[in-house]
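Residue numbers start from 1 in every chain, and the chains themselves are labelled A, B, ... in the order their sequence lines are given, proteins ahead of strands. Just so you know, these numbers use all the heavy atoms, side chains as well, and skip hydrogens, waters and symmetry mates.
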Amino acid sequence: MPNYWLFKSEPDVYSIDDLKRDKKTYWDGVRNYEARNYLRDKVKIGDLVLFYHSNCDEPGVYGICEVVKEGYPDFTQFDPSNKYFDPKSKEDNPTWFMVDVKFVKKLKKPVLLEDIKSNPKLSKMRLVQKGNRLSIIPLTESEFEEILKMSGE
DNA sequence: GCCAACGTTGGC
DNA sequence: GCCAACGTTGGC
C-alpha cells in the first residue's frame, strides 16, 4: 500500500513539463522541518505524488509522479554556490533531506486550486487550510482518488 | 505588487 | 524562554 502526497513546485523553477522531459528528478530545496521529517521518515519507494504548481497564474495539480528513492541528504545544503546552501548543516549530520521521483503522467486536465477549494470532500486537505505553507503534504487515498476523478482520469 | 500567515532568528 | 523583527510563501 503506497502512501499519497502532494509536492509543491513553482513552475518557473521546475514544472511538470520539466519532469516529463527529465523522466526523473531529485526533490531539492525543502527547508522546512515538518516537510523535512516527511521526506526523511515517511516518503517511501512506490508512493504516489501529486505534482502541484504553486505561485503561478493557475495554481493546481498538474500531474503524477512516483517515489523511486527514499530520503537521503539534500546535497545542495553543502554547496556554497547553491541558493539552498545551509552553512549550519554538517556533512556528518545533515539537516535537510531529499527524495527522487519519476514522471508518471500529466493529468488530462489540471485540477486547479479553486476546484479543490470548492469540493467538500477535499476540505480537510492541508493545502486548503488557512495559512498553509507546507510544501510536502500527506494525502489520504480517497483525497488522491478524488483529485484524479476531478481531472477526468 | 500587495499582504496575511507563518517560521526563524536573535537580543534580552 | 519570551517575543519583536525579519524573511519567505503563495494566493490574489
So does A:Cys56 get a backbone contact from the side chain of A:Glu10, meaning a donor-acceptor N/O pair under 3.5 Å?
no
Pairwise ring pair (Phe, Tyr, Trp, His ring centres under 6.0 Å) hits with a residue in residues 93-139 of chain A, at least two apart
A:Tyr33-A:Trp96
DNA chain B: A:Lys130 or A:Lys88, which has the more 5' nearest nucleotide?
A:Lys130
Where each residue is assigned the nucleotide of DNA chain B containing its nearest heavy atom, which of A:Asn55 and A:Arg31 is assigned the position nearer the 5′ end?
A:Asn55
Using the six-membered ring wherever Trp is involved, compare the ring planes of A:Phe75 and A:Tyr26 and label them parallel, tilted or perpendicular (cut-offs 30° and 60°).
perpendicular
N-O pairing of A:Arg21 and A:Asp18 below 4.0 Å
yes
Provide the start and end nucleotides, 5' to 3', of the part of DNA chain C that has atoms under 4.0 Å from heavy atoms of chain A.
C:dG7 to C:dC12
Are A:Phe51 and A:Trp27 near enough that their ring centres are under 6.0 Å apart?
yes
